Number of protein chains: 2
Amino acid sequence: MALDRKDAENAVRGDEPSALCPMPDIAQLIGGKWKLIVLQILIFQGTKRFNELRRLIDGVTQTMLTNQLRALERDGLVSRKIYAEVPPRVEYTATPRAIALTKMFHAMHEWWESEQS
Amino acid sequence: MALDRKDAENAVRGDEPSALCPMPDIAQLIGGKWKLIVLQILIFQGTKRFNELRRLIDGVTQTMLTNQLRALERDGLVSRKIYAEVPPRVEYTATPRAIALTKMFHAMHEWWESEQS
DNA sequence: TCCAATAGTATCATTTTCCGCACTATATAC
DNA sequence: GTATATAGTGCGGAAAATGATACTATTGGA
């Protein structure tokens with residue numbers, strides 16, 4: 001059920017927020033080649049360890065996965081728990097801040113599905 | 001109102017779609033430094049001409065704006081109408097496919113707002 | 001006659017992002 | 001004693017994205 005132009009313009013003038021939040025700032029948080037994929041997995045499949053993510057994400061390198069996870073952690077979107085074991089174990093979990101993105105993922109998903117028709 | 005972990009996991013197992021659509025494909029369409037900004041403007045503020053967009057988007061160069069608009073047009077997200085006038089006039093409009101992203105923008109907006117608290 | 005405005009294109013430079021490879025530590029298993 | 005697994009770090013380079021600059025066409029107006 002696609003919205004038409006009228007709906008879209010109402011979204012600006014009505015009670016609804018205008019959705020004109022700063023995209024560059026948002027891109028800073030969830031942009032980049034792997035961040036959305038990582039978040040998608042952690043949000044919808046729960047906690048994962050480093051190498052589990054590595055295996056789930058096709059084509060990601062160790063370096064990049066580390067980078068992106070560090071950035072997500074810095075921005076409070078994932079939490080990192082280290083277990084003092086050998087071999088080492090590190091688990092990554094989506095924070096509430098990340099889980100609040102669930103609706104956005106669903107909206108994206110619906111959009112994507114409607115495209116495939 | 002942030003969702004908790006349980007909600008997130010239910011989203012996978014319940015009737016809801018899992019929201020595990022391919023992020024790389026989506027990034028192809030709406031990734032890039034300027035695309036989301038352009039779409040945001042065209043969706044929520046309606047049709048704009050080239051130089052209007054240029055003035056609205058802080059820091060964008062002519063080259064990049066042309067690039068991104070061409071890419072969006074190729075992907076059926078904006079339509080381009082040329083008026084045979086002098087000086088030339090070219091108007092860009094969000095297509096229904098782009099307007100269907102409205103919900104996603106709203107979800108992003110809500111998320112962003114909830115962050116600022 | 002020359003400048004202004006619009007919507008570009010072409011070319012090259014730069015910046016940012018990303019990848020490959022080698023390297024580390026540790027304890028357990030063989 | 002050697003190999004294995006995990007979760008990394010560090011370095012250098014390639015590739016992709018982005019930017020700067022100069023150029024085009026047209027015509028109305030000073």
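Since the structure is predicted, the reported quantities are computational estimates derived from the model, not experimental observations. Each chain gets a letter, A, B and so on, in the order its sequence line appears, and its residues count up from 1.
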Using the rule given for side-chain contact (heavy atoms from CB on, under 4.5 Å), can you reason through W112(B) versus D25(A), listing the C-alpha separation, both sets of side-chain angles and the distance that settles it, and then say yes or no? CA-CA 9 Å; W112(B) 181 252; D25(A) 296 3; 3.5 Å; yes
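- In this structure, CG of L69(B) is placed 15 Å from C1' of dT9(C), rounded to the nearest angstrom.
- Interatomic distance, CD of Q40(B) versus CZ of F105(B), reported as 5.5 Å (0.5 Å rounding).
- Of the residues in residues 75-91 of chain B, those placing a heavy atom less than 4.0 Å from an atom of DNA chain D are V86(B), in numerical order.
- Hydrophobic cluster membership is shared by L42(A) and I82(A), with clusters built from Ile, Leu, Val, Met, Phe, Trp and Tyr side chains linked at under 4.5 angstrom.
- Here the P atom of nucleotide dG8(D) and the CG atom of L53(A) are 10 Å apart, to the nearest Å.
- The shortest distance between the side-chain N/O atoms of R49(A) and the OP1/OP2 oxygens of dA7(D) is below 4.0 Å.
- Listed for the T47(B) side chain is no donor-acceptor partner under 3.5 Å among the backbone atoms of T93(B).
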Between N or O atoms, less than 3.5 Å apart, protein on one side and nucleotides 12-22 of chain C on the other: list the pairs.
unit_1  : atom_1 : unit_2 : atom_2 : d
dC18(C) : OP1    : K33(A) : N      : 3.2
dC19(C) : OP1    : K33(A) : NZ     : 2.9
dC19(C) : OP2    : W34(A) : NE1    : 3.4

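- Rounding to whole angstrom units, CG of residue L65(A) and C1' of dA7(D) are separated by 10 Å.
- The hydrophobic cluster containing V86(B) does not contain V90(B), counting ILVMFWY residues as joined when their side-chain heavy atoms lie under 4.5 angstrom apart, directly or transitively.
- Checking side-chain atoms of R97(A) against main-chain N and O of D75(A) turns up a donor-acceptor pair under 3.5 Å.
- Contact annotation for R54(B): no contact, since no heavy-atom pair falls under 4.0 Å across all strands.
- The aromatic rings of F44(A) and H106(A) sit perpendicular to each other, their planes meeting at more than 60°, with 30° as the lower class boundary.
- Legend: residues meeting salt bridge (Lys or Arg N to Asp or Glu O under 4.0 Å) with R89(B), ordered by chain and number and at least two apart, are E85(B), E91(B).
- When rounded to the nearest whole Å, the span between CZ of R70(B) and P of dA10(C) equals 11 Å.
- Taking atom CG of residue D58(B) and atom P of nucleotide dG19(D), one finds them 11 Å apart after rounding to whole Å.
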